[in-house]
*Asks:* 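Below is a structure I'd like to ask you about.
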Amino acid sequence: MLPKLEAAVMHIKHLDDLSFIIGTPDVFSSDRTVPFDSLVIDFLHDLSQLVLSDVQAKKFPDLITFSFFCRKANIKQIQSQYGAMENRVGWGLALHIAPSNIPLCFAYSFLFGLISGNCNIVRLSKKDYPQVDLLCNFIEEIIGKPKYRELRTKNAIVKFDKASIFLQENACLFDVRLVWGGDKTIENMRQYSWSPHCIEVAFADRYSISVFEVEAMLQLNAQQMQKLCKGFFNDTFLVDQNACSSPRLIFWLGKYEQMKEVRIFFWQIFAEYVDCNYKLALVSYVEKQIKLLQILEQYDVHLKIEAFGHSILTAWQENVYSFNANFKSPFGLFFESSSSSLDDLFAVVTRQYQTLIYFGISKNLLRQKLANSGVKGIDRVVPVGQALAIGLKWDGIDLLMRLTRYINFV
Amino acid sequence: MGKCISPYELSRDEKNVYFLDKINKLTSYHRQHCHLYNRYLITMDIRDQEAKNLSDVPYLPARAFKSVNLSSVQSSQVRSTVISSGTSGVQSKVNLDARTQLKQSLILKEILTSFIGNERLPLLIIDSPSAGKMSREFSARTAGILGFSIVASHVCYALNEEMELEYENVLNFLSQYGDSKFLIFGFTYIIWQYLIQWLNNSRLELALKQGVIFHGGGWKKLASLNISNELFKATIKELTEVSHVHNYYGMVEQTGSLFVECEYGYLHASKYSEALARDEYTREPLPAGSKGVVQVFSLMPESYPGHSILTEDIGCVSEDTRCACGRNGSIINIEGRLDAAEIRGCSDAY
């Protein structure tokens, strides 16, 4: 074992630039495995149990959600969707570049890398989050057990500075790289000398929308509308309306007169819910105003702003055809438009559009429309409340398929 | 030499009527001359009608001037551009035409006269000569130096280009002018860093007994060092025996119409300024005396829509017009700054 490690470590330049939070340089000379490795499944399950039993962890809903994902029952259920997978193996060594503003994105990336049978080096951003530190401590505790010794040599969670030339010197060592946006980071990452066979899985800047069917919404009573609004809150304000999956445009599908009525009903109830559960800081409100000014300066667009409660601004756009994915702002600015045909909406959808959050329309109708319309965007179609639920099928890619290679036996 | 208090002589009722009328006219003027401003107000559904109260006057966030181009004059009419120092790296740009530039100087002169009388006085500038250099684009620091230079009979820069105190030059200035009243001007942190610290470290003395200091430019740098207005004043008085120290509150988007600290420590609004506080979360106007986000009004800006600005400063505004100094006008008390926005969601890691 030792000669191999030495040989591997010898040709890793600037290793000192890496600060290992989990794991060791052994990761550079480790062997990949197969998807849904039983050791990995046990590890994830032990991790979930540890987190779910911890008092401190309860303060972080995203940590709890992640832990639920890691449970054996959930992983097994995912596995059953994929069938035998006997011809698939991991690629090898995967590098994960996590975004700085979604604290636990690194953890999901790591998990995808693990269950696909790869060895993983996960780069954390410089930004500190308590739930990140907490989770890393939990991971260290489990992975430090003798049972998981092998996993400890095959995985690492690291930090290294933007200015470091570690990647410049060692990009060729990786078989996969997962880059979680935005567009600038992806561009920066592409400049390194990756091996010609290195698979890139990049998650670019995306844009998401909501489609509300007017007649279906009119059927809701106040209580049902409140439930819908709670789900919509989770899609939006929970992450300052800044996740790529958070809807920015709301498209009302239906007749104009009915739409005018139900829209007020929706916004009023939503505003009530938001005002009880979210505090819009002044600097965030200012950010919205600035974005609006910038849109007005750059585009010859006519918008009509309406405020609901303290935190919501809606920008009505008469003509959906002039809609633009550059019309965006966090902190509660919703663009709105309406028509009686989905075709009008799909005419503006570009590759940048990721998630369509729907209410009151059948999934099958949407499936049919999306397949036949020639539209390049919309990789996810989810009901209200599910916008942020991350999974193996993301941005149009089946990550388990992409992160494994298929050996063709003839 | 009696004190002339004309920019502070309007009673509350007189001020209310006078000021609201002028501010409304400015809103209307800028709607006509700044296309983006007008479109923005139309978009926000703010009707083109006179506001009945100051709190109904539409406002722009101070940061707007960092992000978009807001000008009510043609580019050919722009005489100069004042840029902010900007801690975030992005600068505010405010275009002045000849008329606004003149207004700015006249307003400042009128305010200062109320504190130092009609005579032009010798001025010691606590900064380097290049900071006072006039060019097409200049900073708030330069704007301040130039503004004060206008009321001066003679100007001397206390620091060299390396920001070191030119002790001999200052002694020379004092030997000529130090025996009667003279002015001292500088940005707060520059006075602290390059005059006060220098005196502390060098153990040399400067007797500024007849000096009247005007300083401003923000407390952010000093607040992080735990230096308050009181400590600043006490320290400089102890080290130099200077007779009067006047802090002022102002910003690049409303130069000239400063809120100057009176002899009793209160920052007064002149007849060219007003202020109110808004709730941090609901942005509703607050009653006088309540702490909130400060909005400032100025009659100075004609070449850009800067007459009504929401700052990111926390403070309160009181309408008490019975200050011992004899000045009328709202009193503003700035307590700190709002924190920068923390945002969740997807973003660049690099």
Side-chain angles (χ1 to χ4, degrees), chain A residues 97-103 105 123-127 162 179-186 188-189 203 205-206 238-246 275 279-287 289-298 301-307 309-311 313 315 330-331, chain B residues 34-47 58-71 87-88 90 92 277-284 286 291-295 305 308-315 336-350:
Chain A
I97 304 288
S100 60
N101 282 17
I102 300 190
C105 186
R123 180 195 178 259
L124 290 178
S125 83
K126 260 208 301 217
K127 201 150 185 216
K162 191 157 96 166
V179 189
W180 292 86
D183 288 358
K184 247 189 281 175
T185 302
I186 294 169
N188 286 341
M189 281 287 132
F203 302 97
D205 292 330
R206 306 306 299 278
L238 197 60
V239 282
D240 295 322
Q241 201 199 3
N242 199 43
C244 359
S245 314
S246 292
D275 284 347
K279 269 196 143 137
L280 180 69
L282 190 101
V283 288
S284 307
Y285 170 79
V286 164
E287 185 64 31
Q289 297 301 308
I290 299 300
K291 286 280 189 275
L292 199 53
L293 276 163
Q294 286 173 326
I295 290 167
L296 289 174
E297 189 182 45
Q298 248 193 307
V301 64
H302 295 288
L303 299 169
K304 191 185 145 228
I305 300 285
E306 226 177 310
H310 304 307
S311 310
L313 289 181
F331 304 120
Chain B
C34 179
H35 186 54
L36 180 59
Y37 179 67
N38 192 37
R39 275 180 75 212
Y40 172 70
L41 293 186
I42 290 173
T43 299
M44 294 297 289
D45 205 16
I46 296 170
R47 301 281 147 82
Y59 55 83
L60 283 175
R63 235 193 282 170
F65 294 91
K66 286 181 164 52
S67 320
V68 289
N69 190 20
L70 288 156
S71 182
T87 39
S88 58
V90 187
S92 269
R278 289 185 180 271
D279 182 281
E280 199 185 330
Y281 297 106
T282 67
R283 297 167 304 281
E284 292 296 308
L286 295 170
K291 189 159 93 163
V293 185
V294 174
Q295 178 182 351
S308 170
I309 286 179
L310 188 67
T311 71
E312 286 173 26
D313 294 322
I314 299 275
R337 214 167 152 76
L338 289 171
D339 296 322
E342 266 296 318
I343 185 172
R344 290 165 281 191
C346 320
S347 121
D348 281 298
Y350 266 56

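Within every chain, numbering begins at 1; the chains are lettered A, B, ... in the order of the sequence lines, protein sequences first and strands thereafter.
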*Asks:* Which bit of B/Tyr59 comes within less than 4.5 Å of chain A, counting heavy atoms only: side chain, backbone, both or neither?
*Replies:*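 B/Tyr59 touches chain A through side-chain heavy atoms alone.
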*Asks:* Can you tell whether the side chains of B/Asp339 and B/Arg337 come within less than 4.0 Å, N to carboxylate O?
*Replies:* no
*Asks:* Between B/Arg39 and A/Glu297, does any side-chain N to carboxylate O distance fall below 4.0 Å?
*Replies:* no
*Asks:* Locate the shortest heavy-atom distance separating B/Gly315 from B/Val294; write the atom from each residue and the value.
*Replies:*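 Heavy-atom minimum between the residues: N-CG2, 3.6 Å.
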*Asks:* Using a strict 4.0 Å threshold on nitrogen-to-oxygen distance, state whether A/Lys279 and B/Glu280 make a salt bridge.
*Replies:*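 No salt bridge links A/Lys279 with B/Glu280.
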*Asks:* Is it true that a side-chain atom of A/Asp275 and a backbone atom of A/His310 form a donor plus acceptor pair closer than 3.5 Å?
*Replies:* yes
*Asks:* Counting heavy-atom pairs under 4.5 Å with chain B, which one of A/Val179, A/Val286, A/Leu282 comes out on top?
*Replies:*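 Of the options given, most contacts go to A/Leu282.
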*Asks:* Is it the backbone or the side chain of B/Arg283 that comes under 4.5 Å from a heavy atom of chain A, or both, or neither?
*Replies:* side chain
*Asks:* Which region of B/Val293, side chain (C-beta onward) or backbone (N, CA, C, O), has a non-hydrogen atom less than 4.5 Å from a non-hydrogen atom of chain A, or is it both or neither?
*Replies:* side chain
*Asks:* Please classify the contact of A/Leu303 with chain B as side chain, backbone, both or neither, using a heavy-atom distance under 4.5 Å.
*Replies:* both
*Asks:* Under 4.5 Å from any heavy atom of chain B, what part of A/Tyr285 do you find: side chain, backbone, both or neither?
*Replies:*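 Just its side chain gets close to chain B.
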